[in-house]
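A, B, ... follow the sequence lines: proteins, then strands. Residue 1 opens every chain. Everything numeric in this text was worked out from a predicted model, so none of it was measured.
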Protein chains: 2
Amino acid sequence: MSRVAKGPAVRGSARPTLEAVAARAGVGRGTVSRVVNGSPGVSAKARAAVEKAIAELGYVPNRAARTLVTSRTDSVALVIPEAETRLVAEPYFSDTIRGVTAGLAETDMQLLLILVRTAKERERLAAYLSAQRVDGVLLVSVHADDPLPTLLEKLDMPAVLGGRRSDREPLSYVHADNASGARIAVEHLLARGRRRIATITGPLDMEVARARLDGYRTAHGGTSPAEDLVAHADFTEEGGVRAMRELLARRPDLDAVFAASDVMAAGAMQVLREAGLRVPGDVAVVGFDDSIVARHTDPPMTSVRQPIEEMGRTMAQMLLDEIAHPGLPHRHVVLVTELVVRESS
Amino acid sequence: MSRVAKGPAVRGSARPTLEAVAARAGVGRGTVSRVVNGSPGVSAKARAAVEKAIAELGYVPNRAARTLVTSRTDSVALVIPEAETRLVAEPYFSDTIRGVTAGLAETDMQLLLILVRTAKERERLAAYLSAQRVDGVLLVSVHADDPLPTLLEKLDMPAVLGGRRSDREPLSYVHADNASGARIAVEHLLARGRRRIATITGPLDMEVARARLDGYRTAHGGTSPAEDLVAHADFTEEGGVRAMRELLARRPDLDAVFAASDVMAAGAMQVLREAGLRVPGDVAVVGFDDSIVARHTDPPMTSVRQPIEEMGRTMAQMLLDEIAHPGLPHRHVVLVTELVVRESS
DNA sequence: CACGGGATTGGGAGCGCTCCCAATCCGTTC
DNA sequence: GAACGGATTGGGAGCGCTCCCAATCCCGTG
């Protein structure tokens, strides 16, 4: 208010510096720095004086200056392939972000959100990360051929994946127990007397998709299900539609479908309805994700819930750990999934 | 690869500096800086030498050092009240982010995502922004009593709102033409012969909610609809459920409902079904947002579409403009909404 | 061939902070 | 009362960059 009038050169230039605080408190720069950073070895008297000066001046440390000398940036990047924000069940995106934010809330880490859409942007991102402009990276929806994880490993940059690339993933990751989720879903269908259970898979270059397919197979025990009960899709609704048509053409006798995502399941339900089949009367349907879609289909859909927000939170915490303790061995965390039974099964 | 082994002190410390580039190119620091920043007054020969050196060394400017002297941060914040990420129709969130990212893609601005959940965090955010740690701010879902916009104005910090606080909003904003959208929706219901059209509103401390209610009223022309056809809710499904029950109790004769969000409309449809009323046979329903929910209700829901991704993109571009040209007067952009007719009306 | 002036160039100063070491302080101990 | 040692403190150096000015270069002109 009492500051100089606006203007590009002036805006914000009135911020007090460490030096100003030191002068006001009648101490040296070092002491102020120690107080600000909570370092030990400051007398109670000095600390009080500094804190008073900080409050009076409204001092806030200049991050750039600090970064310049410590080369910590106090920020982490959350990298999301742009395509996933469209394909994957909608709440996935917001839940992840919410979880990550929550995990970071107590620290003063900033969250950089990076959506990667093209290969060109992918390269730019690689350059960006190589330039050490964040302290760590969170990576979700990693495809098997994604070069980014390997790059991060080579850079020795703290990183946590949301979902692993394979079961031999070297980097730290958090993932939901997709295989168990799928198995439980299919067991539930079996328990309801279904015997010819088809499945619609996600893209098999993603471990989540493979794991869910595995779970589907595991549920069938020794007798692995007929191969013509398996149709491949890509997590989209259209993909679900196509796959369901295929399945219906191949096996008009099927009595249940387990889709590896709600959105695909919703597509499947459309096709079933168009084909004059009733859900769950003729064909039971189970999805995966327990997204908002599942609650609003007709009938409401049974689905496997994965704790996405918790995943995000855990990822953030693990990353903070890795940043704080660079030597730490990589950790792998598996979160449980659960079946939410509704009316489609 | 040929670098020193890992360890906190070493990691990344091998990055070449401006000085190194200058030495290699056989020029002074100033010249390198000019080349890097595209400033004029560099001979072709010098430029070539510098570019070669940059390529050979893989030089990337140190952002912190630059920020320290220019006090530009090359980053903008997108601030979202956390509650909105739950309440508002799901795709809103991802679409906004996608749009903003797209708008920023060509620049090398970084996007900071800030979810504000508590009042305490709100204050921390205020401090954060006051500390000039971003070049500009994007604010979505602004409530009338939100102190943030005013703070930004006072700080003279470039800012663009997604949705205005009132029709006298001084800050720059982008918003969808909610009033028209609502009007068109209700006109559509009138055209289908509906005469007792109820509405479920959002929280009236938000301009979007007020505007949609206005549109509902405008559509009725001179004869404003009976007040008992208006029920207030909060954009949540539960709110929609409650409001619909209320309406049904007050006006069992209603033949249509216009809800100010898809999610509320979905809640309303549940109640109607439970009450034994058919949609659209007995009661037509129209939502707002054209979210993923609308496509999956039973029957699929007619809804008003707003171009959210475009909003995000426009917001980003406007913000970049304001940052580049600090004197610029605030601008207000209105984007058109359109009715997507499905089977609920 | 000397001169003037615009184009180009180099590098000092300084942004605000942390790190670190030498200096100072103060309570004990003998 | 002097010496001793741990606790505290101050402030120089330097992080990598931009800004800016003085110095230099180079060309056309007289």
What donor-acceptor contacts under 3.5 angstrom involve side-chain atoms of residues 313-321 of chain B, with partners at least two apart or in another chain?
{"from": "B:Thr314", "atom 1": "OG1", "to": "B:Glu310", "atom 2": "O", "distance (Å)": "2.7"}
{"from": "B:Asp321", "atom 1": "OD2", "to": "B:Arg331", "atom 2": "NH2", "distance (Å)": "3.2"}

Worksheet item: In the 5'-to-3' direction, what one-character label does each nucleotide of nucleotides 7-13 of chain C receive under the scheme B = base within less than 4.0 Å of a protein heavy atom, S = sugar-phosphate only, - = no such atom?
Response: -SBBBBB
Interatomic distance, [X] [atom1] vs [N] [atom2] [rounded to whole Å]:
X	N	atom1	atom2	answer
B:Arg15	D:dG16	CZ	P	9 Å
B:Tyr59	D:dT18	OH	C1'	11 Å
B:Arg66	D:dG16	CZ	P	14 Å
B:Asn62	C:dG16	CG	P	17 Å
A:Leu68	D:dC15	CG	P	9 Å
A:Arg63	C:dC17	CZ	C1'	13 Å

Distance check: side-chain N/O of [X] vs OP1/OP2 of [N], anything under 4.0 Å?
X	N	result
B:Thr70	D:dT18	no
B:Ser33	D:dT18	yes
B:Asn37	D:dT18	yes

Item to complete: Measure from the side-chain heavy atoms of A:Thr17 and tell me the nearest of C:dT18, C:dG16, D:dT18.
Response: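 When the side chain of A:Thr17 is considered, C:dG16 is the closest of C:dT18, C:dG16, D:dT18.
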Discussion item. Run the side chain to side chain contact (heavy atoms under 4.5 Å, CB included) test on B:Val36 and B:Ile54 for me, step by step, so that the C-alpha distance in whole Å, both residues' side-chain angles and the decisive distance to 0.1 Å come before the verdict.
Written reply: CA-CA 9 Å; B:Val36 169; B:Ile54 288 179; 3.9 Å; yes
Worksheet item: Between B:Asp145 and B:Arg165, does at least one N-O distance fall below 4.0 Å, as a salt bridge requires?
Response: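 Salt bridge between B:Asp145 and B:Arg165, a charged N being under 4.0 Å from a carboxylate O: no.
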Discussion item. With a 4.0 Å cut-off on N to O distance, would you call B:Asp108 and A:Arg124 a salt bridge?
Written reply: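 A:Arg124 and B:Asp108: not salt-bridged.
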Worksheet item: Between the two end axes of the helix from C:dC1-D:dG30 to C:dC30-D:dG1, each built from 5 base pairs, what angle do you get to the nearest 10°?
Response: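 The angle, to the nearest 10 degrees, is 50°.
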Practice prompt. Classify the ring geometry between B:Tyr173 and B:His332 as parallel (under 30°), tilted (30 to 60°) or perpendicular (over 60°).
Written response: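 Because their plane-to-plane angle is under 30°, the rings of B:Tyr173 and B:His332 count as parallel.
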Practice prompt. Taking all heavy atoms of A:Met157 and all of A:Val134, pick out the closest pair and write down the distance.
Written response: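 So the two residues come closest at CE-O, 3.7 Å.
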Worksheet item: When you match B:Ala65 and A:Val69 each to their closest nucleotide on DNA chain C, which lands nearer the 5' end?
Response: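 Upstream on the strand: B:Ala65.
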Fill in: side chain to side chain donor-acceptor pair (under 3.5 Å) partner of A:Arg98, chosen from A:Asp95, A:Thr96, A:Thr101
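Of all the options given, the one that passes is A:Asp95.
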Discussion item. My understanding is that only one of A:Glu51, A:Glu19, A:Glu56 makes a salt bridge (Lys or Arg N to Asp or Glu O under 4.0 Å) with A:Arg24; could you say which?
Written reply: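 Only one of A:Glu51, A:Glu19, A:Glu56 forms a salt bridge (Lys or Arg N to Asp or Glu O under 4.0 Å) with A:Arg24, namely A:Glu56.
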Worksheet entry | Between B:Glu322 and B:Ser172: side-chain donor-acceptor atoms closer than 3.5 Å |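 Checked: B:Glu322/B:Ser172 side chains pair up, N/O donor to acceptor below 3.5 Å.
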